[in-house]
Amino acid sequence: IQTSLSNNNRNNSIQTQNNLRETLFETHSKADNFAIAQLFEYQKTFNKKHKGSFAFNHNYSNEKPTYQWGADQPFLGEYIPLQAADFYLLQQVDKVQNNQIQTSFKHFWIAGKRHHIYTTLGLNANLTKLHSASNQLLENTSQSLFDAGFGNDLDYKLFNSYLGLEYKLLYKKLTTTFGLQLNNYNLHNKQIADNKTFNKWFLEPTVTAVYDFNKSESLNFNYNLSNDFLDANSYANRYQIYSFNSIYQGNALLQSLRYHSLNLRYSKFNLYQGSSIWASINYNKQNNTIRNQVEVSNTDLFYQTVMTNNPDERVSMYGSFSQRVKKWEFGLNGNLSFNKYVQNTNNIDIPTQNNNQSIGLSVKTFYKEIPTFRIGYNKSFSQLKSSYDNKSTADNLSFGVDYKFLKGFVFKGDYNYNISKYNTSNIKYEQANVSLEYKKENSPWLFMIQGNNLFNTGLINNISFSNFQ
């Protein structure tokens with residue numbers, strides 16, 4: 001059993017500027033969160049050829065976030081009937097209770113030395129109660145925005161029962177597993193003046209193959225055809241305030257998202273030579289997609305989740321290599337990703353490509369008598385081809401140190417220097433953090449003094465591309 005309790009508060013100032021005006025927004029958010037997780041497993045061996053297991057997993061969370069956005073002039077006026085005020089302040093209060101339950105019974109049958117058959121019967125349940133209220137805060141009172149279409153009260157219940165069969169074949173160095181799972185998805189959405197129920201049956205095949213060249217070198221292949229439903233918030237069909245310039249509306253008619261997924265990965269590790277190689281390629285395709293369509297008005301955005309027949313394809317590749325030479329380790333890594341989809345903006349379908357590439361170098365020491373140092377450099381590139389073509393690059397230089405001294409003391413420090421470039425703009429910032437820890441041997445207590453943002457970096461600018469730009 002695991003439990004967690006947290007309370008978070010954050011204040012920000014955001015400055016926006018367009019051809020019409022410049023606005024300074026003050027934002028505040030706080031959240032009281034509670035979560036508990038329980039796991040129970042039981043295994044039984046009936047005989048040499050038959051084994052069984054039962055697993056029960058329960059996760060409960062209760063979240064109560066509150067958001068506020070304020071400015072000295074009206075904002076989101078096209079969507080919210082604001083009352084005149086000296087200072088305009090909007091608030092959204094959410095209450096989300098979630099129960100996730102997973103149960104499964106498994107039977108393992110060793111039919112032969114090279115033939116295994118596995119049977120699984122299970123049930124997954126996602127039960128969510130979501131309540132949201134939006135208001136304009138005035139000097140001595142508040143004005144509810146319910147009549148303007150805001151505020152949600154959703155009871156979301158998703159049940160997934162399934163029966164699966166797997167056949168595992170071992171042939172020399174190759175292990176292959178073929179699986180087929182029959183799934184029933186039952187979704188109930190009860191909302192304000194609206195109830196929706198969906199019941200679907202799907203067959204979901206899987207194929208896994210592992211070829212072991214030796215104990216430290218292998219090639220793995222995975223394929224599966226899966227179905228998925230979005231979380232409760234995506235089905236909330238009344239408006240929600242997302243930020244100082246965006247409104248969101250879910251869609252109670254959303255159904256399952258069906259997608260193909262393939263993965264091929266290679267790994268090799270040589271402990272004697274101190275080297276390791278890792279490479280992978282992933283491919284995902286959705287024939288029907290669920291995506292937010294966007295309505296843009298000046299700087300205001302209205303998002304609505306919709307389901308379309310437009311395909312969505314993603315390809316990503318990753319590789320890394322490290323080599324240890326005495327007390328030094330040198331590393332090289334690279335990443336490529338390509339995403340093609342269709343984005344609907346202002347009721348126009350726009351073919352879009354979002355591509356990213358990165359390469360990194362690193363050096364690390366492993367001396368016991370002196371501090372351990374880490375130095376890394378990463379260069380990344382981003383391109384978005386949509387209604388406009390946008391390109392950016394980013395450079396990151398990092399440095400870290402760990403030093404164990406006396407008995408139980410550990411000093412840690414890290415430094416990051418970042419440069420981002422977009423068109424003719426260069427954005428630079430640096431950050432440094434240090435900490436001192438003490439832990440007595442065999443003691444459950446850890447004492448730590450930590451200092452963050454030593455250079456007092458008050459403003460961090462990031463470059464990012466929206467899907468519709």
Indicate the ring-plane relationship of His58 and Tyr60, choosing parallel, tilted or perpendicular according to the 30° and 60° boundaries. tilted
Plane angle bin for Phe409 and Tyr438 - parallel if under 30°, tilted between 30 and 60°, otherwise perpendicular: tilted
Of the non-hydrogen atoms in [X] and [Y], which two are nearest, and what is the gap between them?
X: Ser280; Y: Asn263; answer: CB-ND2, 4.4 Å
X: Glu313; Y: Asn339; answer: O-ND2, 2.9 Å
X: Ile192; Y: Gly151; answer: CD1-O, 4.1 Å
X: Asn189; Y: Ala252; answer: ND2-O, 4.1 Å
X: Asn186; Y: Asn199; answer: ND2-OD1, 2.8 Å

With rounding to the nearest 0.5 angstrom, report the CG to CG distance, Asn284 to Asp312. 9.0 Å
Do [X] and [Y] have side chains that get closer than 4.5 Å, going by heavy atoms?
X: Leu225; Y: Arg258; value: yes
X: Phe455; Y: Tyr429; value: no
X: Thr345; Y: Ser387; value: no
X: Leu187; Y: Tyr156; value: yes
X: Tyr162; Y: Ser104; value: yes

Using the rule side-chain contact (heavy atoms from CB on, under 4.5 Å), only one of Arg238, Lys190, His131 pairs with Asp153; which is it? His131
Apply side-chain contact (heavy atoms from CB on, under 4.5 Å) to Tyr259 and Asp228, showing your working. CA-CA 8 Å; Tyr259 56 93; Asp228 196 13; 4.0 Å; yes
Going by distance alone, is a donor N or O of one side chain under 3.5 Å from an acceptor N or O of the other, for [X] and [Y]?
X: Thr365; Y: Thr372; answer: no
X: Asn233; Y: Gln240; answer: yes
X: Asn288; Y: Asn309; answer: no
X: Ser134; Y: Gln92; answer: yes
X: Thr208; Y: Asn222; answer: yes
X: Glu26; Y: Gln68; answer: no
X: Thr305; Y: Tyr235; answer: no
X: Tyr88; Y: Gln83; answer: no
X: Asp414; Y: Asn433; answer: yes
X: His260; Y: Tyr223; answer: yes
X: Asn8; Y: Arg10; answer: no
X: Asn227; Y: Asn183; answer: no
X: Asn11; Y: Asn9; answer: no
X: Tyr377; Y: Asp395; answer: yes

Steps toward side-chain contact (heavy atoms from CB on, under 4.5 Å) verdict (Asn355, Leu336): CA-CA 8 Å; Asn355 304 326; Leu336 302 172; over 6 Å; no
Should we say atom [atom1] of [X] is surrounded by more than 12 heavy atoms from elsewhere, each under 6.0 Å from it?
X: Lys340; atom1: NZ; value: no
X: Gln450; atom1: CD; value: yes
X: Lys64; atom1: NZ; value: no
X: Tyr239; atom1: OH; value: no

Thr352 side chain vs Ile350 backbone, donor-acceptor pair below 3.5 Å: yes
Taking Leu137's backbone N and O only, do any of them form a donor-acceptor pair with Asn135's side chain (distance below 3.5 Å, no angle check)? no
Checking side-chain hydrogen bond (donor to acceptor under 3.5 Å, both in side chains) against Gln102, which of Asn126, Asn160, Asn57, Asn59 comes through? Asn57
As a quick check of understanding, evaluate side-chain contact (heavy atoms from CB on, under 4.5 Å) for Gln353 and Phe338, giving each step before the final call. CA-CA 7 Å; Gln353 294 185 32; Phe338 308 93; over 6 Å; no
Of Phe150, Tyr248, Tyr303, Tyr79, the residue whose pairing with Tyr242 passes ring pair (Phe, Tyr, Trp, His ring centres under 6.0 Å): Tyr248
side-chain contact (heavy atoms from CB on, under 4.5 Å) between Trp69 and Asn245: does it pass, once the steps are laid out? CA-CA 10 Å; Trp69 303 271; Asn245 72 330; over 6 Å; no
